[in-house]
**Student:** 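Questions regarding the structure given below will be posed in turn.
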Amino acid sequence: MPIAILSALPEEQDGLVHLLQDVQQSEHAGRVFWRGSLHGQQVICALSGIGKVAAATTAVALLERFNAQAIVFTGVAGGLGDGVNVGDVVVATDYVQHDMDASPLFPRYEIPGYGRQRFACDPTLTDKLAQAVRYCVEHQAAAWTATLNLPAPRMHEGLTVSGDRFVSGAQESAQLRQGLEQAGLHPLAVEMEGAAIAQVCADYGVPFAAMRSISDRADDAAHVDFPKFVQSIASRYAQVVIEDLCKRIAA
């Protein structure tokens with residue numbers, strides 16, 4: 001079963017691509033795709049691009065052109081939920097587009113034509129991903145976060161929201177969270193791609209799972225050095241967790 005691994009940033013995938021055996025590189029739709037095997041599992045690595053449209057295009061290319069049978073996203077996000085701190089990891093259970101608003105024709109956040117706000121991640125694939133993340137957090141990741149003077153990380157599971165806006169101010173973050181909570185939605189993290197991929201995978205009936213390491217709190221508080229975070233923490237999460245996930249899938 002070919003499984004696609006998506007990230008938004010090239011730094012997160014360099015280590016993964018170098019792990020692949022019998023690598024073949026190809027280009028399609030302005031994107032580069034790497035195909036190979038990892039612990040007996042067929043893997044396709046690609047960069048999603050930033051934002052929902054770019055991510056959806058990449059997902060469709062993976063499904064239509066490369067016959068991916070599942071998609072896993074690994075990347076960074078801003079923390080929104082209480083207790084979701086920098087260095088932690090959120091494994092998504094479902095997704096909402098926080099910038100979708102077709103009211104008054106449809107309830108806010110509802111996707112027209114679908115009759116729902118949420119797009120669920122695949123339970124089986126998400127469980128395997130969560131197992132790999134939990135093992136990494138409990139046995140390895142504390143050493144990584146310590147290099148940036150961050151506390152030992154924790155894993156969280158729940159709603160993640162996506163939109164075509166980089167949320168970085170405290171006021172904007174609070175307004176975003178308030179609006180979602182008024183609709184009965186309680187997000188743990190915010191990013192820019194996952195909800196689009198979740199919708200594409202729902203359309204195609206393909207399993208989707210996603211993990212996001214928390215690089216900031218989506219507010220005005222002091223941030224860690226982002227390039228250092230990606231290199232020291234996010235890229236390591238991507239490599240170690242995906243390698244473990246492939247072992248669990250192939251087992």
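These values consider heavy atoms only, across backbone and side chains, with no hydrogens, waters or symmetry-generated copies.
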**Student:** Do Val76 and Phe229 make a side-chain contact, defined as non-hydrogen atoms from C-beta onward lying under 4.5 Å apart?
**Tutor:**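 The answer is yes; the side chains approach within 4.5 Å.
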**Student:** Hey, any chance Val43 and Met1 share a hydrophobic cluster, counting ILVMFWY side chains that come within less than 4.5 Å of each other, even indirectly?
**Tutor:**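 Yes, one cluster joins them.
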**Student:** Can you name the nearest heavy-atom pair linking Val190 to Ala77, along with the distance?
**Tutor:**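 Smallest interatomic distance, heavy atoms only, reads O-CB, 3.4 Å.
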**Student:** Carefully, step by step, assess Met211 and Val241 under the rule side-chain contact (heavy atoms from CB on, under 4.5 Å).
**Tutor:** CA-CA 9 Å; Met211 58 168 279; Val241 170; 3.5 Å; yes
**Student:** Can you name the nearest heavy-atom pair linking Gly179 to Arg108, along with the distance?
**Tutor:**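 In this case the closest contact between Gly179 and Arg108 is CA-NH1, 4.3 Å.
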**Student:** Per the side-chain contact (heavy atoms from CB on, under 4.5 Å) rule, which among Leu159, Leu188, Val161 passes with Leu80?
**Tutor:**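 With Leu80 as partner, side-chain contact (heavy atoms from CB on, under 4.5 Å) holds for just one option, Val161.
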**Student:** Would you say the side chain of Gln117 lies within less than 4.5 Å of the side chain of Leu185, judging by non-hydrogen atoms?
**Tutor:**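 SC-SC contact between Leu185 and Gln117 confirmed.
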**Student:** Are side-chain N/O atoms of Glu191 and Tyr95 paired as donor and acceptor at under 3.5 Å?
**Tutor:**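 Indeed, the side chains of Glu191 and Tyr95 share at least one donor-acceptor pair under 3.5 Å.
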**Student:** Check whether Trp144 and Val86 end up in the same hydrophobic cluster, where Ile, Leu, Val, Met, Phe, Trp and Tyr are linked by side-chain heavy atoms less than 4.5 Å apart.
**Tutor:**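 Trp144 clusters together with Val86.
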**Student:** Do Gln231 and Glu11 have side chains that get closer than 4.5 Å, going by heavy atoms?
**Tutor:**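 Heavy-atom side-chain distance check fails, nothing below 4.5 Å.
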**Student:** Examine Tyr114 together with Phe119 and report whether their ring centres are nearer than 6.0 Å.
**Tutor:**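 Yes, close enough.
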**Student:** So does Arg154 pair up with Glu138, basic N to acidic O under 4.0 Å?
**Tutor:**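 No, this pair does not count.
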**Student:** Near Tyr204 OH, under 6.0 Å, is it more than 12 heavy atoms from other residues, nucleotides or ligands?
**Tutor:**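 Atom OH in Tyr204 is packed in, count exceeds 12.
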**Student:** Between Glu12 and Gln239, does any side-chain donor sit less than 3.5 Å from a side-chain acceptor?
**Tutor:**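 Distance-only check fails for Glu12 and Gln239.
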**Student:** Testing the basics here: between Ser162 and Met192, what is the closest heavy-atom pair and its distance to 0.1 Å?
**Tutor:**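 Closest pair (atom of Ser162, atom of Met192, distance): CB-C, 4.2 Å.
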**Student:** Does Gln13 reach the side chain of Leu47, with side-chain heavy atoms less than 4.5 Å apart?
**Tutor:**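 Result yes, sub-4.5 Å side-chain heavy-atom pair found.
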**Student:** Taking the side chain as C-beta and beyond, is there a heavy-atom pair between Phe226 and Leu9 under 4.5 Å?
**Tutor:**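 Side-chain contact under 4.5 Å: yes.
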**Student:** Are Val137 and Leu129 linked, directly or through intermediate hydrophobic residues, by side-chain heavy-atom contacts shorter than 4.5 Å (ILVMFWY only)?
**Tutor:**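 Leu129 and Val137: one cluster.
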**Student:** Linking I/L/V/M/F/W/Y whenever their side-chain heavy atoms sit closer than 4.5 Å, directly or via other members, would Leu16 and Leu6 fall into one cluster?
**Tutor:**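 Each belongs to a different hydrophobic cluster.
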**Student:** Say you draw a straight line from CD1 of Ile242 to OG1 of Thr74; how long is it, rounded to the nearest 0.5 Å?
**Tutor:**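 Output value for this atom pair is 5.5 Å.
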**Student:** Examine distances only and state if a side-chain atom of Thr93 and a backbone atom of Gly158 form a donor-acceptor pair shorter than 3.5 Å.
**Tutor:**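 Yes; judged by distance alone, with no hydrogens or angles, the pair exists.
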**Student:** Transitively linked via ILVMFWY side-chain contacts under 4.5 Å: Phe33 with Leu19?
**Tutor:**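 No, because Phe33 and Leu19 fall into different hydrophobic clusters, even though each may have its own neighbours under 4.5 Å.
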**Student:** Might you work through the salt bridge (charged side-chain N to carboxylate O under 4.0 Å, His left out) test for Arg177 and Glu172, ending with a clear yes or no?
**Tutor:** CA-CA 9 Å; Arg177 181 173 168 177; Glu172 182 182 7; over 6 Å; no
**Student:** Would you give the length of the straight line joining atom OH of Tyr237 to atom CD of Gln140, rounded to the nearest 0.5 angstrom?
**Tutor:**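 It comes to 10.0 Å.
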**Student:** Which heavy atom of Glu110 sits nearest to which heavy atom of Gly115, and what is that distance?
**Tutor:**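 Looking at all heavy atoms of both residues, the closest pair is OE2-CA, 3.5 Å.
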**Student:** Working to the nearest 0.5 angstrom, can you tell me the gap between Phe73 CZ and Ser7 OG?
**Tutor:**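 The CZ atom of Phe73 sits 6.0 Å away from the OG atom of Ser7.
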**Student:** Taking all heavy atoms of Cys136 and all of Val240, pick out the closest pair and write down the distance.
**Tutor:**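 It is SG-CG1, 4.0 Å.
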**Student:** Would you kindly say whether Asn67 and Gln69 are connected by a side-chain donor-acceptor distance under 3.5 Å?
**Tutor:**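 Result is yes, a qualifying pair exists.
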**Student:** Does the side chain of Tyr109 come within less than 4.5 Å of Gln97's, by heavy atoms?
**Tutor:**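 A side-chain contact is absent here, since even the closest heavy-atom pair is not under 4.5 Å.
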**Student:** What I'd like to find out is whether the side chain of Phe66 reaches to under 4.5 Å of the side chain of Arg35, using heavy atoms alone.
**Tutor:**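 Phe66 vs Arg35: side chains touch.
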**Student:** What do you reckon, is CZ of Arg116 surrounded by more than 12 foreign heavy atoms closer than 6.0 Å?
**Tutor:**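 Enclosed: over 12 neighbouring heavy atoms sit under 6.0 Å from CZ of Arg116.
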**Student:** Under the ring-ring contact (aromatic ring centres under 6.0 Å, His included) rule, collect the residues that match up with Phe106, sequence neighbours excluded.
**Tutor:**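 Phe106 satisfies ring-ring contact (aromatic ring centres under 6.0 Å, His included) with no residue once adjacent residues are dropped.
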**Student:** Please determine, by modelled atom types, if Thr58 and Arg31 share a side-chain donor-acceptor pair under 3.5 angstrom.
**Tutor:**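 The answer is yes; a qualifying pair exists.
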**Student:** Does Ser235 reach the main-chain N or O of Val230 with its side chain, forming a donor-acceptor pair under 3.5 Å?
**Tutor:**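 Yes.
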**Student:** Does any part of the side chain of Asp164, heavy atoms only, come nearer than 4.5 Å to the side chain of Asp99, both counted from C-beta?
**Tutor:**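 Yes, their side chains come closer than 4.5 Å.
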**Student:** For Gln25 and Trp34, indicate whether the former's side chain and the latter's backbone hold a donor-acceptor pair under 3.5 Å.
**Tutor:**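 The answer is no, because no donor-acceptor pair under 3.5 Å joins these two groups.
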**Student:** Could you tabulate the donor-acceptor pairs under 3.5 Å formed by side-chain atoms of residues 243-251, not counting sequence neighbours?
**Tutor:**
| residue | atom | partner | partner atom | Å |
| --- | --- | --- | --- | --- |
| Glu243 | OE2 | His39 | NE2 | 2.8 |
| Asp244 | OD1 | Arg248 | NE | 3.1 |
| Asp244 | OD2 | Arg248 | NE | 3.4 |
| Asp244 | OD2 | Arg248 | NH2 | 3.3 |
| Arg248 | NH1 | Gln131 | OE1 | 3.0 |

**Student:** Identify the two heavy atoms, one from Gly83 and one from His156, that lie closest to each other, and give their separation to 0.1 Å.
**Tutor:**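 Taking Gly83 first and His156 second, the nearest heavy atoms are O-CE1, 3.3 Å.
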**Student:** Roughly how far, to the nearest 0.5 Å, is SG of Cys121 from CD1 of Ile71?
**Tutor:**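 So the gap between those two atoms works out to 11.5 Å.
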**Student:** How far does CG of Leu20 sit from OG of Ser37, to the nearest 0.5 angstrom?
**Tutor:**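 The CG atom of Leu20 sits 7.5 Å away from the OG atom of Ser37.
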**Student:** If you round to the nearest 0.5 Å, how far is CG of Asp88 from CD1 of Ile214?
**Tutor:**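 Output value for this atom pair is 7.0 Å.
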